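Report on the structure given below.
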Amino acid sequence: SQRRALNAEITDRTAQAPIELRAALALPDAAFRPVTAQGVFDPDYAIYLTNRARDEQPGMHVVAPLRVDGQEPAILVDLGWVAFDVAESALPSAWIPSGTVSLHGILRSSQTEPRFAWLADPTPVPGAPPRADWRVLHLPGLQAQTPYPLASYYLAATEPVTAGSAVLPAPDIDLSEGPHLSYAIQWFAFGTTAIVGGIAWFRSVRRRIT
């Protein structure tokens with residue numbers, strides 16, 4: 001029921017009319033709000049998000065900071081998906097358009113790094129060149145390798161930033177109900193088995209004793 005309520009809220013927010021980025025960032029909660037933005041990309045800090053599939057094809061997402069009217073903070077933009085074999089032959093900066101761009105997208109909250117350290121992206125070392133490949137769009141980690149402030153949300157483009165580009169917008173909003181119901185049934189079944197089995201074992205022990 002919690003997942004269904006969240007999905008309904010996300011559906012309601014994404015259906016709203018787009019508002020200007022700065023106005024959206026001033027809201028108490030701007031997650032999943034459609035926005036419009038205009039600015040200039042910084043290709044020097046473009047990255048790939050690795051292991052991103054589309055229609056069962058392997059690929060990567062292209063992400064770069066957008067400087068809006070030269071003001072701070074900048075905002076990271078997920079431009080979309082590009083096929084692995086195409087992305088492998090080019091740096092992420094190759095997909096970043098030059099000059100002022102106008103775009104539409106949906107604001108998303110920072111993704112979370114895995115709890116296991118060996119799965120998480122390495123913490124950027126101060127003074128080291130920015131890393132080009134990331135597993136997770138984790139805003140605090142990316143902020144550590146970006147020399148200017150980043151917004152507390154990122155923008156997932158919903159339309160191609162450049163006409164004819166190989167980068168395809170992919171907002172990736174999961175509105176499924178998830179595995180919660182099947183997990184609940186599974187664990188109630190485990191619990192019932194444990195209780196029934198425990199009672200049977202206790203009775204058999206009592207019979208042996210008596």
Side-chain angles (χ1 to χ4, degrees), residues 2-3 5-7 9-10 13-14 21 24-25 27-33 35 37 41-54 56-68 72-84 87-88 90-93 95-96 105-158 161 167-180 182-183:
Q2 291 174 336
R3 184 61 178 262
L6 176 61
N7 287 346
E9 182 179 359
I10 292 173
R13 290 194 181 194
T14 55
L21 175 64
L25 293 177
L27 296 173
D29 182 4
F32 299 106
R33 290 297 301 266
V35 300
F41 281 111
D42 185 350
D44 292 339
Y45 295 94
I47 66 163
Y48 280 133
L49 294 178
T50 59
N51 299 321
R52 298 301 196 271
R54 181 186 177 96
E56 299 183 359
Q57 295 184 31
M60 304 182 187
H61 278 207
V62 180
V63 178
L66 182 75
R67 309 298 299 270
V68 182
E72 294 181 345
I75 187 164
L76 287 178
V77 178
D78 184 344
L79 286 77
W81 178 91
V82 62
F84 177 80
E88 194 177 30
L91 295 173
S93 58
W95 310 106
I96 308 304
I106 294 174
L107 289 178
R108 301 291 305 272
S109 299
S110 174
Q111 297 175 359
T112 304
E113 289 280 14
R115 294 183 180 181
F116 300 106
W118 58 277
L119 288 175
D121 291 299
T123 302
V125 178
R131 291 178 40 238
D133 293 339
W134 288 71
R135 297 189 185 97
V136 177
L137 206 166
H138 181 58
L139 289 172
L142 287 160
Q143 177 65 84
Q145 72 172 25
T146 309
Y148 40 80
L150 296 174
S152 55
Y153 297 91
Y154 72 92
L155 182 61
T158 53
V161 177
V167 182
L168 305 176
D172 287 340
I173 299 177
D174 180 11
L175 293 178
S176 70
E177 294 187 359
H180 310 293
S182 61
Y183 282 168

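When a residue number appears, it is its place in the shown sequence, counting from 1. Source: prediction; values computed, not measured.
- No side-chain heavy atom of Val77 sits under 4.5 Å from any side-chain heavy atom of Tyr154.
- Arg54 is listed as a side-chain neighbour of Leu168, based on a closest heavy-atom distance under 4.5 Å.
- Annotation for Leu49 and Val136: closest pair CD2-C, 3.8 Å, computed over non-hydrogen atoms.
- Between Tyr48 and Phe84 there is no side-chain heavy-atom pair separated by less than 4.5 Å.
- In this structure, Arg67 satisfies the cation-pi test against Tyr148, with its NZ or CZ atom closer than 6.0 Å to the six-membered ring centre and inside 45 degrees of the ring normal.
- The minimum heavy-atom distance linking Thr158 with Pro169 is given by the pair C-CB, 3.8 Å.
- Going from atom CD1 of Ile106 over to atom CG of Leu155 covers 9.0 Å, rounded to the nearest 0.5 Å.
- Residues Pro147 and Tyr45 are in side-chain contact: their nearest non-hydrogen atoms beyond the backbone lie under 4.5 Å apart.
- Under the side chain to side chain contact (heavy atoms under 4.5 Å, CB included) rule, Trp134 has a single partner from Thr50, Val63, Leu142, which is Leu142.
- For the pair His61 and Arg52, the minimum side-chain heavy-atom distance is below 4.5 Å.
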For Leu21 and Val68, run side-chain contact (heavy atoms from CB on, under 4.5 Å): C-alpha distance rounded to whole Å, both residues' side-chain angles, the deciding distance at 0.1 Å, then the answer. CA-CA 9 Å; Leu21 175 64; Val68 182; 3.8 Å; yes

Does the pair Leu27 and Arg33 meet the rule for a side-chain contact (heavy atoms from CB on, under 4.5 Å), with working shown? CA-CA 10 Å; Leu27 296 173; Arg33 290 297 301 266; 3.3 Å; yes

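- Annotation for Ala53 and Trp81: closest pair C-NE1, 3.9 Å, computed over non-hydrogen atoms.
- With Gln145 contributing its side chain and Pro130 its backbone, the two residues share no donor-acceptor pair below 3.5 Å.
- Of all heavy-atom pairs spanning Val62 and Pro92, the tightest one is CG1-O, 3.9 Å.
- Using a cutoff of 4.0 Å between basic side-chain nitrogens and carboxylate oxygens, Asp29 and Arg13 are scored as salt-bridged.
- No more than 12 heavy atoms of other residues, nucleotides or ligands shown are found within 6.0 angstrom of CG on Asn51.
- One finds a salt bridge joining Arg131 and Asp121 here, because a Lys/Arg side-chain nitrogen approaches an Asp/Glu carboxylate oxygen to under 4.0 Å.
- Taking both residues in full, the closest heavy atoms of Arg135 and Ala120 are given as NH1-O, 3.2 Å, listed atom of the first, atom of the second, then distance.
- Contact of the Leu25 side chain with the Leu107 side chain is registered, since non-hydrogen atoms from C-beta on lie closer than 4.5 Å.
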Do Trp95 and Val161 pass the side-chain contact (heavy atoms from CB on, under 4.5 Å) test, and can you show the C-alpha distance, the side-chain angles, and the key distance before you say yes or no? CA-CA 10 Å; Trp95 310 106; Val161 177; over 6 Å; no

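- In terms of heavy-atom proximity, Ser109 sits nearest to Ala31 at OG-CB, 3.8 Å.
- Between atom CG of residue Leu76 and atom OH of residue Tyr153 there is a gap of 14.5 Å, rounded to the nearest 0.5 Å.
- Under the 3.5 Å distance criterion, the side-chain polar atoms of Ser110 are matched with a main-chain donor or acceptor of Leu139.
- Rounding to the nearest 0.5 angstrom, the gap separating the OG1 atom in Thr112 from the CG atom in Leu137 is 11.0 Å.
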Intermediate values then yes/no, side-chain contact (heavy atoms from CB on, under 4.5 Å), His138 and Glu113: CA-CA 7 Å; His138 181 58; Glu113 289 280 14; 3.6 Å; yes

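- Heavy-atom contacts from other residues, nucleotides or ligands closer than 6.0 Å to CD of Gln2 number 12 or fewer.
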